[in-house]
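What you see below is based on every heavy atom in this structure, not just the backbone, and it leaves out hydrogens, waters and symmetry mates. Throughout, residue positions are numbered sequentially from 1 according to the sequence presented. Both ligands and their constituent atoms are indexed starting at 1 by order of listing. All values reported here derive from a predicted model rather than from experimental measurement.
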Amino acid sequence: MSLREHLLRRIAAEGPLTLAEYMGECLLNPAHGYYTTHDPLGAAGDFTTAPEISQMFGEMLGLCLAQTWLDQGAPAPFALVELGPGRGTLMADILRTTRAVPGFRAAAQVHLVEASRALRARQAEVLAEAAPVWTDDVGALPEMPLFLVANEFFDALPIRQFHRDGSAWRETVVGVEGDALRPGLAPPAPLEMLAHRLEDTAEGDVVELCPAAPTIARMLGARIEQHGGAALIVDYGDWRSLGDTFQAMRGHGTADPFAEPGTADLTAHVDFEPLATATASAHSLLTPQGVFLERLGITARAERLAAGLTGAALESHVAAHRRLTHPHEMGTLFKVLAFHPHTTAPPPGLEPAGPRE
Ligand code: SAH
C-alpha cells in the first residue's frame with residue numbers, strides 16, 4: 001500500500017488529520033516516510049543545508065563549542081551531540097576542526113539523535129572513527145555535560161496551524177476530496193494555548209505551533225543547567241511565527257505538499273520564542289546566522305582557504321561564503337539561539353538575552 005492509500009484509509013476511519021499528524025506520517029512513516037526512505041540532501045536531493053554548502057560552517061560551530069567547553073573548565077567526559085545529523089557532514093567537520101583543541105576529542109562521547117534508519121547508515125560510514133551512539137529520543141541522552149548542535153532539525157518537526165476567526169481559531173486539517181488529499185479548516189474553537197496570540201494577530205491571520213519543540217527544549221535545557229554545556233540551535237524562522245510557512249521542497253524548488261505524500265520534504269519556519277521559554281537554562285539573544293558567523297571569524301577563514309584555490313573552485317568557495325552570510329541569502333533568514341547555564345556567559349558570537357527576552 002502506498003502512503004497516499006494508507007492516508008486515505010486512515011482519514012476514512014478517523015476523520016481529517018491535523019497538519020502535525022499529516023507531517024509526521026509523510027516524514028517518518030516507517031515504510032514510506034520521506035526521511036525513512038530518502039537521502040534528501042545534496043545536488044541530486046531536494047534541498048541543501050549550510051554544512052553541505054561549505055566546510056566553514058562546521059568549522060565555526062566546532063570552534064564555538066570547543067571554546068565554550070574550555071570556558072567551562074574542560075569537563076570530561078562530556079556528550080558531543082547532534083540532533084538530525086543528515087549526512088553526518090556537520091559532525092565530521094566539527095570533529096576534524098576540534099582535533100586541534102587539546103583534550104576535547106578524548107573527552108567527547110558522540111551521540112546522534114536520528115529517526116531515519118537510512119540516514120543512520122550514512123552517518124555510520126562518515127563518522128565511524130568517532131564510534132557514535134544513536135538514539136531517537138532526546139530524553140535518552142546521557143546525564144553529563146552536553147555540547148550540542150541542531151542545524152535544520154526543528155524545521156522538520158510536525159506543526160499544527162491555526163487561522164484566526166474572531167477570538168477563536170480554525171485548525172488546518174487534511175481531508176479527502178474524491179480520491180485526493182486536500183487541506184481544509186476545522187470549525188472555530190477557542191484555544192487556551194493560543195491566548196497570547198490574540199494580542200498580536202488580526203482576523204484571518206495564521207499562526208503555527210510545533211508541539212514537540214518545547215518538550216525537546218525543556219529536556220536539553222534541564223541537562224545543560226544541571227550538568228553544564230551549551231546547545232547551538234540554527235534554523236530558519238523568527239522569534240514568533242506569523243503566516244503560513246508550511247511548505248514542501250522537491251528538487252530544490254517548492255512543491256504541492258498534498259500531491260504525493262512521502263516524496264517531498266515538509267518543513268515550517270521555526271518559532272524560537274517557545275524554545276527560549278521552555279528551557280530551564282539561560283538562552284542567548286536570537287542572532288542572525290550571518291552576524292554569528294562573521295563574529296566567529298568566517299571571513300578570515302574564507303580568505304585563508306581562498307589562497308589555495310583558483311578558477312571554478314575559487315568561484316564556488318566565494319559563492320559559498322556569500323550564501324552562508326549575506327543578508328539576501330541565508331545570513332538573515334537563518335537564526336542562532338544558544339542555551340547555556342545561568343552561571344556562564346553565552347557561547348562566543350552570541351550575546352546574553354536582554355530584559356525583553
Ligand atoms: N542537520 C543536517 C540535516 C538536516 S535535515 C544538515 O544540516 O545537513 C533534518 C534531519 O533531521 C535529518 O537527519 C532527519 O532524518 C532528522 N529528523 C527529522 N525529524 C526527526 C525526528 N523527529 N527525530 C529525529 N531526527 C529527525
Side-chain angles (χ1 to χ4, degrees), residues 19-30 32-62 65 80-95 110-127 132-141 148-159 210-217 219-220 231-237 247-250 252 262 264-270 289 293 320 323-324 330 333-336:
L19 215 45
E21 290 167 331
Y22 179 73
M23 248 180 117
E25 287 267 25
C26 289
L27 294 180
L28 293 177
N29 177 285
H32 302 287
Y34 177 74
Y35 282 116
T36 19
T37 56
H38 286 65
D39 172 1
L41 292 148
D46 294 308
F47 61 98
T48 193
T49 57
E52 302 294 332
I53 290 169
S54 167
Q55 70 186 63
M56 295 187 292
F57 183 77
E59 291 172 350
M60 295 300 121
L61 266 60
L65 278 190
L80 178 61
V81 183
E82 182 169 1
L83 307 184
R87 289 180 160 183
T89 310
L90 174 55
M91 183 54 81
D93 287 335
I94 290 174
L95 290 168
V110 176
H111 291 260
L112 306 174
V113 177
E114 175 56 69
S116 158
R117 295 296 180 271
L119 286 172
R120 278 188 188 195
R122 170 121 200 169
Q123 294 152 17
E125 278 172 36
V126 175
L127 302 169
V133 175
W134 283 268
T135 176
D136 42 23
D137 175 10
V138 170
L141 290 170
L148 176 144
V149 290
N151 184 61
E152 291 212 42
F153 170 75
F154 284 94
D155 69 66
L157 299 180
I159 54 141
C210 177
T215 311
I216 293 172
M219 290 190 282
L220 299 179
L232 295 174
I233 300 167
V234 187
D235 226 308
Y236 53 127
Q247 64 169 4
M249 296 285 294
R250 190 187 298 117
H252 297 268
D265 184 37
L266 301 181
T267 73
H269 283 201
V270 172
Q289 171 175 301
L293 294 175
R323 199 160 167 203
L324 292 181
M330 298 169 80
L333 175 62
F334 281 73
K335 312 281 194 304
V336 186

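Considering only non-hydrogen protein atoms, atom 26 (C) of ligand 1 sits nearest to Phe153 CE1, 3.7 Å. Protein heavy atom at the shortest distance from atom 6 (C) of ligand 1 is Thr49 OG1, 3.3 Å. Closest to atom 9 (C) of ligand 1, if we only count protein heavy atoms, is Glu152 O, 3.4 Å.
At a heavy-atom distance under 4.0 Å, atoms from both the backbone and the side chain of Ala115 approach ligand 1. At a 4.0 Å heavy-atom cut-off, ligand 1 does not touch Thr89 at all. With a 4.0 Å heavy-atom cut-off, ligand 1 is reached by the backbone of Asn151 and by its side chain too.
Numbered from 1 in the order shown, with element, the atoms of ligand 1 that lie under 4.0 Å from a heavy atom of Leu157 read 22 (N). Remark: ligand 1 atoms within the under-4.0 Å shell around heavy atoms of Pro51 are 6 (C), 7 (O), 8 (O). Heavy-atom contacts of Leu28 reach the following atoms of ligand 1: 21 (C), 22 (N) (cutoff under 4.0 Å). Taking every heavy atom of Ser116 and a limit of under 4.0 angstrom, the matching atoms of ligand 1 come to 15 (O).
Residue Gly86 places at least one N or O, backbone or side chain, under 3.5 Å from an N or O of ligand 1.
At least one heavy atom of Glu82 lies less than 4.0 angstrom from ligand 1. The shell of residues lying under 4.0 angstrom from ligand 1, judged by heavy atoms, includes Leu119.
Side chains of Phe57 and Gln289 form a contact here, defined as non-hydrogen atoms less than 4.5 Å apart. Here the side chains of Thr49 and Arg87 are not in contact, with every heavy-atom distance at 4.5 Å or above.
Between Glu114, Glu52, Arg120, it is Glu114 that holds the heavy atom closest to atom 14 (C) of ligand 1. For atom 1 (N) of ligand 1, the choice among Ala118, Gly84, Ala212 with the nearest heavy atom turns out to be Gly84.
The one candidate from Val110, Thr89, Leu112 that meets the side chain to side chain contact (heavy atoms under 4.5 Å, CB included) condition with Leu127 is Leu112.
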